[in-house]
Amino acid sequence: MRQVSLPIYPVTYPTGFRLNQNESQFPVPTRLHEQLSTLSFHDLHEYPVQPIDELFRRYAAYVGVEPNQLLVGCGSDEMIHVVTQALLSPEDVVLSPNPDFALYPIFTTIAHGRHVQTDGLSFDALVSSVEHYAPKLLLLSNPNNPTGKLWTVAELSDLAARVPYLVVDEAYIDFTPDASMISHLDAFPNVIVLRTLSKAFGLANVRLGFMVTTTELAAYFRQFVPPFNISGVSAKIANVFLQDSSYLDEAIAWHAEMRDKWSSLLATIGQVHPAKANFLYVTLDEPELIWSHLATNGIHTSRQSSGIRVTLGTEQALLATKRALMTWSPVSQP
Ligand SMILES: Cc1ncc(COP(=O)(O)O)c(C=O)c1O
C-alpha cells in the first residue's frame, strides 16, 4: 500500500441551511419539473450512448467549441482526476495559489505528483512561484474558490506562456462568461479548461463536469477516461436543462439579486469580497467564533483561515442568518 493520508468524501450534512458546499439554492422552475417527468427510461438496461452524444452537442454549442474538444466526467472532480493522472509523472510539481480548491492537492497526490502553493492570490507571487518551482502544471480556479477573485484573461495568457500546462477550473464562470479562457483556446495549445453543471446550472446531484481543450489534447485525455463513466440518466436530465432557452439566465438573475442582499447583510460583520459566483467570501477578525455561532443557529458556512465562505441561500436562509447575527456579540462568546 502507498503511504497516503487523504480526507475521505462524501462529507455528512448537519441539519439546517447548507451554505457550505456552494450548491445552487435556486428553485428549479415548475416547467422543468414537468419536462423531467416526461423522460423515458425504457433503456435502463443499456450502456448509455445517445443521450451522451446529445449532451456533447448541446454543451459544445453552449460554450462555443466543437464536440471533439470536450470530455465529460462525473463532475469536474473526475476531470481534475483525469488531467492529473494523464499529465503527471512521479514527483512532478503542481502549483496552485493559496487559497484555492481543496481537492487539487488530493488529486495531485493520487497521481503521484507533488502539490505546492503560492502564498496568496497576487499575480506577481504566482509568477515568482512558477519561476521557483518550475511546475509541470499550474492548476487554479477562476473565479477563485473560496474568495471569488477573478484572474484576468491577460494574466492567464501570460501564465500559460510560462508553464507546460495551465488548467483553469471555471466551475463558477457561467456567472461571468466573458472571463472564460475557452474563446482563447486557439491561441494556447497548452490550456485546459474545466467546467461543471453543479454550480450555475444547479445540478450538483447530476454529477456532470467537462474538460474543454484543443482537439489534440482532448484526444490524448480521452484515453484516460473509463468507458461509460457518466450515466445516461444524468445526461438526459442535463439535456432538458441545456435545451431550455431561459433557465440559465433565470438562475443567474436570481443569484445576482440574492448576492446583493447577502452582500449587504454580510458587510455588517466583515469585509465582503466582490465576486460573481454563487458564494461570497467575508474576511473576519475571528472567523472561528462567527462560524460556530452561525452553525449553532443551523446556518452552515465554510470556515476559512481568514473568514467564512457563504453560499448564496434563499430568502429563508437570509432571514435566519439575519436573526442569528442579531444575537451575535463577540464579547459574549467563549
Ligand atoms: C473550484 C471547483 N472546482 C471543482 C468543483 C467540483 O465540482 P463538481 O465535481 O461537482 O463538478 C468544485 C465544487 O465545489 C469547485 O468549487
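One-based numbering, in listed order, for ligands and for the atoms of each. The model shown is predicted, which means the values in this text are computed figures rather than measured ones. Scope of the values below: all heavy atoms of this structure, side chains included, with no hydrogens, waters or symmetry mates.
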Under 4.0 Å to a heavy atom of Gly75 - the qualifying atoms of ligand 1, by number: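 With Gly75 as reference, the close atoms of ligand 1 come out as 8 (P), 9 (O), 11 (O).
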If the contact criterion is a heavy-atom separation under 4.0 Å, does Gly209 count as touching ligand 1?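 In this structure, Gly209 fails to qualify as a contact of ligand 1 - no heavy atom is under 4.0 Å.
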When you check the side-chain N and O atoms of Asn144 and Tyr281, is any donor under 3.5 Å from an acceptor?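 Per modelled atom types, Asn144 and Tyr281 side chains form no pair under 3.5 Å.
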Do me a favour and list the nearest non-hydrogen protein atom to atom 7 (O) of ligand 1 with residue, atom name and distance?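 Here the closest protein heavy atom is Ser76 OG, 3.3 Å.
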Taking only heavy atoms of Ser141, which atoms of ligand 1 are found under 4.0 Å from at least one of them?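 Those qualifying, in numeric order: 1 (C).
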Using heavy atoms and a threshold below 4.0 Å, how should the contact between Ser198 and ligand 1 be classified: side chain, backbone, both, or neither?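 The answer is the side chain.
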Arg207 heavy atoms, cut-off 4.0 Å: which ligand 1 atoms fall inside?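 Within the 4.0 Å cut-off of Arg207, ligand 1 contributes 8 (P), 9 (O), 10 (O).
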Looking only at distance, does Gln21 have an N or O less than 3.5 Å from an N or O of ligand 1?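 Looking only at distances, the answer is no, because the N/O contact criterion of under 3.5 Å is not met.
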Please determine which of Asn278, Asn22, Thr196 meets the side chain to side chain donor-acceptor pair (under 3.5 Å) test together with Tyr172.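 Running side chain to side chain donor-acceptor pair (under 3.5 Å) over Asn278, Asn22, Thr196 with Tyr172 returns exactly one hit, Asn22.
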Closest protein heavy atom to atom 6 (C) of ligand 1, given as residue, atom name and distance to 0.1 Å: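 Going atom by atom, the protein heavy atom closest to atom 6 (C) of ligand 1 ends up being Asp77 OD1, 3.2 Å.
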When you measure from the side chain of Trp262 to the backbone of Leu318, do you find a donor-acceptor pair of N or O atoms at a distance under 3.5 Å?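 Absent.
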Pair Arg309, Asn145: side-chain N/O donor-acceptor within cut-off below 3.5 Å: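 Present: a donor and an acceptor within the cut-off.
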Charged N to carboxylate O under 4.0 angstrom, Asp43 versus Lys236?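 Yes, Asp43 and Lys236 are salt-bridged.
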Show the atoms of ligand 1 that are less than 4.0 angstrom away from any heavy atom in Thr196.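 That gives atoms 8 (P), 11 (O) of ligand 1.
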Would Phe101 and Tyr104 count as a close aromatic pair, with their ring centres under 6.0 Å?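 For Phe101 and Tyr104, the ring centres are under 6.0 Å apart.
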Proximity winner for atom 5 (C) of ligand 1, if only heavy atoms of Phe101, Phe201, Tyr172 are counted: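 The nearest heavy atom belongs to Phe101.
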Can you report which non-hydrogen protein atom sits closest to atom 14 (O) of ligand 1, along with the distance?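 I find the closest protein heavy atom is Lys199 NZ, 2.8 Å.
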Under a 4.0 angstrom heavy-atom cut-off, which atoms of ligand 1 come close to Asp169?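 Going through ligand 1 atom by atom, the ones under 4.0 Å from Asp169 are 1 (C), 2 (C), 3 (N), 4 (C).
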Can you tell me how the ring of Phe26 sits relative to the ring of Trp254, calling it parallel under 30°, perpendicular over 60° and tilted otherwise?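 The arrangement is tilted - the two ring planes meet at 30° to 60°.
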Trace of the ring-ring contact (aromatic ring centres under 6.0 Å, His included) decision for Phe201 with Phe241: CA-CA 8 Å; Phe201 279 92; Phe241 285 81; 8.0 Å; no
